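First the structure, in the form of structure tokens, and then the observations on it.
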Amino acid sequence: MTAHIRPDLATIPAYVPGRDHPGATKLASNETTFGPLPAAAKAIAEAAELANRYPDNHAVELRTALAAFLGVPVERVAAGCGSVALCQELVQITCSSPADEVVFAWRSFEAYPIVTQVGNATAVPVPLTPELTHDLDSMAAAVTEHTRLIFVCNPNNPTGTAHGRAALERFLDAIPARVLVVLDEAYFEYLRLTPQDHPNGVEIARDRPNVVVLRTFSKAYGLAGLRVGYAVGDPAVITALMKVHIPFSVNRVAQAAAIASLEARPELLDRTGALIAERDRVRDALVTAGYPVPPSEANFVWLALGEHNVAFSEAAAEAGVLVRPYGGDGVRVTTGDPHENDRFLRFATDPAVKARFAA
Ligand SMILES: *Cc1c(COP(=O)(O)O)cnc(C)c1O
């Protein structure tokens with residue numbers, strides 16, 4: 001007989017590895033197509049030579065570098081094993097009973113409901129607006145005396161939509177100070193809203209102790225395989241995060257690569273500029289072809305295909321392009337290299353495909 005396992009875990013889907021498609025173009029995971037810069041590769045190799053030694057559990061050098069870059073004291077910065085680990089840790093530091101509620105938009109990052117359930121708290125999903133943005137008024141209205149945590153994914157994964165600073169500040173003004181609000185900025189580097197309305201969570205959180213910002217080295221910095229993200233917020237929140245942190249989970253190689261990548265930031269962010277041009281080119285072509293695609297502020301676009309999402313994704317896979325279907329809602333397509341995007345667009349704008357899926 002097998003050991004007792006928490007019965008509620010049965011409702012969390014077990015991981016099913018994706019089918020292997022040799023030679024396929026992978027536009028399904030919002031990864032950067034470039035390998036690490038030479039400086040990062042060198043830091044990785046050097047750190048690997050010390051693999052017999054534990055990493056710095058407090059990631060002091062990395063956090064100090066981040067603090068200098070962000071213009072905040074180091075006490076305001078925590079590192080995590082990817083920002084997804086920090087999402088889970090944020091539930092752990094705020095929720096302690098199934099009565100505790102975590103509010104998030106839906107559809108949004110698929111980790112939010114999972115980390116909420118794993119943390120034994122209750123998820124309160126709030127539908128997106130018809131424009132596929134966070135419905136901030138409804139999210140504020142969903143706050144009860146039981147609300148402990150709110151995730152705001154800006155730009156939103158998987159729809160790519162973003163709110164500007166004014167809308168976020170109005171929302172935050174409506175939230176009680178006892179509720180922790182997470183601004184998940186995994187795609188911050190791809191935002192191109194006007195400077196006056198640019199939503200920089202680190203600035204927004206400066207004088208709001210109940211706001212914490214998450215960023216990651218996985219997307220624009222191209223280190224998804226090494227797992228390092230960070231949180232910026234009130235020192236009391238950061239101290240609590242460090243208490244629940246799985247010891248040594250931000251490994252030595254990840255810390256070294258993140259520091260080197262931060263130093264090489266200008267070069268990495270140049271790539272980001274080129275990617276944004278590609279993203280907009282892909283969206284324009286899809287809109288011209290008749291697909292419903294909201295403006296994106298991230299490194300992907302969203303095709304609001306509703307129930308046709310699975311059929312579209314399967315047809316794309318047959319054409320050699322892997323995209324990401326989301327049950328009942330749509331398909332997310334990561335922006336890759338120009339030739340990869342062309343391959344996808346050849347598929348999506350093919351007359352037979354358009355006839356099936358575009359309006
Ligand atoms: C990719 C992503 C993350 C984090 O990724 P890590 O690799 O764990 O740092 C966090 N939030 C959102 C919304 C994401 O899309």
Side-chain angles (χ1 to χ4, degrees), residues 15 26-33 36 40 59 62-63 66 77-92 102-116 118 123 125 128 132-134 139 149-163 168 181-191 199 201 212-233 241 245-246 249-251 253-255 257-258 261-262 268 272 275 279 296-302 323-324 326 329-336:
Y15 178 71
K26 191 178 172 219
L27 300 178
S29 299
N30 293 352
E31 296 153 337
T32 299
T33 56
L62 171 58
R63 288 169 51 231
L66 283 167
V77 184
C81 179
S83 54
V84 74
L86 289 160
C87 290
Q88 183 154 331
E89 290 161 9
L90 284 160
V91 175
Q92 287 179 298
V102 179
V103 173
F104 49 80
W106 201 250
R107 181 162 297 264
S108 188
F109 187 34
E110 60 270 35
Y112 301 150
I114 296 172
V115 297
T116 300
V118 168
L128 297 173
L132 305 175
T133 61
H134 277 48
M139 289 177 74
L149 187 66
I150 304 176
F151 285 108
V152 175
C153 190
N154 199 54
N156 187 41
N157 177 6
T159 60
T161 52
H163 279 295
L168 288 177
V181 181
V182 184
L183 301 179
D184 184 342
E185 299 187 334
Y187 302 96
F188 178 75
E189 293 82 3
Y190 302 102
L191 270 163
V212 61
V213 180
L214 295 183
R215 293 196 189 156
T216 179
F217 284 93
S218 295
K219 307 283 161 58
Y221 285 86
L223 296 179
L226 290 182
R227 318 301 309 125
V228 50
Y230 57 97
V232 186
L241 280 174
H245 172 73
I246 294 182
S249 58
V250 184
N251 70 68
V253 176
Q255 292 185 33
S261 300
L262 207 54
L268 289 169
T272 304
L275 186 129
R279 170 194 79 198
S296 171
E297 294 289 331
N299 66 342
F300 52 82
V301 294
W302 173 252
V323 297
R324 184 76 191 276
Y326 287 84
D329 288 348
V331 175
R332 190 191 70 193
V333 183
T334 304
T335 305

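In each ligand, atom 1 is the first atom listed, and ligand 1 is the first ligand listed. Note that the coordinates shown come from a computational prediction; the quantities given were computed from them, not determined experimentally.
- Contacts between F217 and ligand 1 below 4.0 angstrom, taking non-hydrogen atoms only, are absent altogether.
- A parallel orientation is assigned to the rings of Y112 and F151, their planes being inclined by less than 30° (bins at 30° and 60°).
- Not one N or O of Y112 is nearer than 3.5 Å to an N or O of ligand 1, by distance alone.
- Taking the ring centre of Y230 as origin, the terminal cationic atom of R215 falls outside the region bounded by 6.0 Å and 45° from the ring axis.
- Taking 4.0 Å as the cut-off, A224 does not count as a neighbour of ligand 1 on heavy-atom distance.
- Against a heavy-atom cut-off of under 4.0 Å, V84 is close to the following atoms of ligand 1: 8 (O).
- Judged by distance alone, the side chains of Y326 and R332 do bring a donor and an acceptor atom under 3.5 Å apart.
- Remark: the T334 side chain and the N30 side chain contain an N/O donor-acceptor pair separated by less than 3.5 Å.
- Relative orientation of the Y187 and F300 rings is perpendicular, given thresholds of 30° and 60° on the angle between their planes.
- Between E31 and K219 no salt bridge is recorded (no basic side-chain N to carboxylate O distance below 4.0 Å).
- Contact between G229 and ligand 1 is absent, with no heavy atom of the residue lying under 4.0 Å from the ligand.
- Within the structure, ligand 1 has D184 among the residues with a heavy atom less than 4.0 angstrom away.
- Annotation: atom 5 (O) of ligand 1 to nearest protein heavy atom, S83 OG, 3.7 Å.
- Under the 3.5 Å distance criterion, with hydrogens and angles disregarded, no donor-acceptor pair is assigned to the side chains of N156 and T161.
- From the protein, the heavy atom lying nearest to atom 1 (C) of ligand 1 is K219 NZ, 1.3 Å.
- Applying the 4.0 Å criterion to heavy atoms of A186 picks out, from ligand 1, the atoms 2 (C), 3 (C), 10 (C), 11 (N), 12 (C), 14 (C).
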